[in-house]
Amino acid sequence: MKKYRAVVAGCSAGGMQAVATLLAQLGTSFRLPLIIVQHLHREQGEYLFRFYSSSTHLKVQEASEREKILPGNVYVAPPDYHLLIEHDETFSLSVEEKVNFCRPSIDVLFESAADVYGTALAGVVLTGANSDGALGLKRIKDCGGLTLVQRPETAQFPEMPRSALLCVHADQVLTTEEIGRFLMTL
Amino acid sequence: MTSGELEAIEIDLLLEAVFRRYGYDFRSYARASVVRRLRLLLEQSGIASVGELIPKLLHEPAFFQELLFAFSITVSGMFRDPEFFRSLRENVVPLLKTYPFIRVWVAGCACGEEAYSLAILLKEEGLAAHSTIYATDINDQALAVAKEGIYPLRQVREYTENYQKSGPHDSFSRYYHASHDHIVMNRELKKSITFANHNLVSDHVFAEMHLILCRNVMIYFDRELKDRVLRLLDSSLIRGGFLCLGTKESLRFSCGDGRHDEIDSKNRIYRKRVLEAGEGRTR
Ligand SMILES: C[S@@+](CC[C@H](N)C(=O)[O-])C[C@H]1O[C@@H](n2cnc3c(N)ncnc32)[C@H](O)[C@@H]1O
């Protein structure tokens, strides 16, 4: 049996290109759900889905509340809501205060995903100009999950991967393409 | 047993204790948020485990108030989701105008932002004199803020922008006066809203409503509780009345479809049917 059951990823500034590059590496044989928190403006949403859908054969959609998380699907958190995962592997949303000045916050998703999936979770931190995701990645590591960080020198905005690396001794530090290929092996 | 499993037991016990001691039932709230709020509370109060919270909660009513405050997420804003308010003006107000008098319920009103937005909207649409707004929440601290109608000045820019996108007839600055670092809503608006404590989980229907807003409240409930509260809201609505949910919430009635028409699916505005399916034939 495969060990991993879900992948969570977070990105901020520069994330659009990074996620597209990563998605392009995922073939139709990718059998994990990939759940993404990306800091966006409200208006960017619609365009984003078209852009991502054009880079992958996987189904890309906005995560909606109470929805069952299915393998081989790519979910993106809706703008202005925190995205959490319940123990029955469905999504829930929250409008509580911003975390690290962000809603959705990567930390919020990562922490609740770590509670649910534990050692069967892989977490990915990509480009960004803040430090959201660092504490969440640490939580994933503490719960026995796998941690992947984009190599900061290759990130359009290196601050987010750097902060993550200061917080966590990551299992893999790779380019986005390499991360995509690595996820295919899980 | 993992620390997560242990924590789950502690949380079950804590929620049970809160329910039996204070009558507030959070047992059917969506777990992930409850866990998050409890961990934040632990951090703030310097307590090591959820289990240790239990005796404190049982013996210190003041501490329960803190928990209540931590559990109820009172984040809101004026004219939040301006498109929704625009749709209300365009699609719902014309029908509301056909009634001599309307009752409106904002369920889960937090600090009152949504209720004031609605009061402004009804006033601009000429409905103020023919309507009453009830705005309810479980959080007394939030209700106290709502009654005062005082909000931080730094929010005004966002509120004004939202207001402008909602299809307004006037300017937002007409509805408050600013002093120091806050704004105070006009007395006239305050008078048009009745703020009261009401718990959707345990209290009953209190009036027949023409319009109900219950936005971003049931996202914190598990499926069963959500269905139960939806039934409560439904039974408070007159036939032909309107129910509005948050823009990321869905209306999936457990009690069967065919009872509601979608007025604006994107903005989650629904209308209770005047006749239920099949009813016309039996008459
Ligand atoms: C996120 S706020 C929503 C505010 C506003 N409706 C909006 O959408 O901006 C959720 C509110 O629901 C209230 N709430 C939670 N449980 C409730 C219950 N059982 N009955 C009534 N209100 C409740 C909370 O106290 C909080 O103020």
- Message: If we define contacts as heavy-atom pairs under 4.5 Å, which of A:E97, A:E111, A:H87 has the most with chain B?
- Response: A:E97
- Task: For chain A, find which of B:E249, B:R39, B:R31, B:K248 contributes the most heavy-atom pairs closer than 4.5 angstrom.
- Result: B:K248
- Message: For A:F91 and A:Y75: C-alpha separation, side-chain torsions, deciding distance, then whether ring-ring contact (aromatic ring centres under 6.0 Å, His included) applies.
- Response: CA-CA 10 Å; A:F91 289 119; A:Y75 301 96; 5.0 Å; yes
- Message: Under 4.5 Å from any heavy atom of chain B, what part of A:S92 do you find: side chain, backbone, both or neither?
- Response: side chain
- Query: So, are B:R268 and B:E262 salt-bridged, with charged N and O less than 4.0 Å apart?
  - Reply: no
- Of all of B:G4, B:A8, B:S33, which one pairs up most often with chain A through heavy atoms under 4.5 Å apart? B:S33
- Message: Please classify the contact of B:S72 with chain A as side chain, backbone, both or neither, using a heavy-atom distance under 4.5 Å.
- Response: neither
- With a 4.0 Å cut-off, would you call B:D227 and B:R231 a salt bridge? no
- Note on the structure: Within residues 151-158 of chain A, the residues sitting under 4.5 Å from chain B by heavy atom, in sequence order, are none
- Task: Count the heavy-atom pairs under 4.5 Å between each of B:G246, B:S76, B:A30 and chain A, then report the option with the highest count.
- Result: B:A30
- Task: For a side-chain contact (heavy atoms from CB on, under 4.5 Å) with A:I85, tell me which candidate from A:T90, A:L121, A:I35 qualifies.
- Result: A:I35
- Message: For A:F110, does the six-membered ring have the charged nitrogen or CZ of A:R139 within the cation-pi criterion, i.e. under 6.0 angstrom from the centroid and within 45° of the normal?
- Response: no
- Message: Distance check, rounded to the nearest 0.5 Å: A:Q172 atom CD versus A:Q150 atom CD?
- Response: 14.0 Å
- Task: Under 4.5 Å, counting heavy-atom pairs only, tell me which of A:S64, A:S112, A:P78, A:S94 racks up the most with chain B.
- Result: A:S94
- Is it true that the NZ or CZ of A:R31 lies under 6.0 Å from the centre of A:Y4's six-membered ring and within 45 degrees of the ring axis? no
- With ring centroids as reference points, do B:F71 and B:Y29 lie under 6.0 angstrom apart? no
- So does B:D81 pair up with B:R215, basic N to acidic O under 4.0 Å? yes
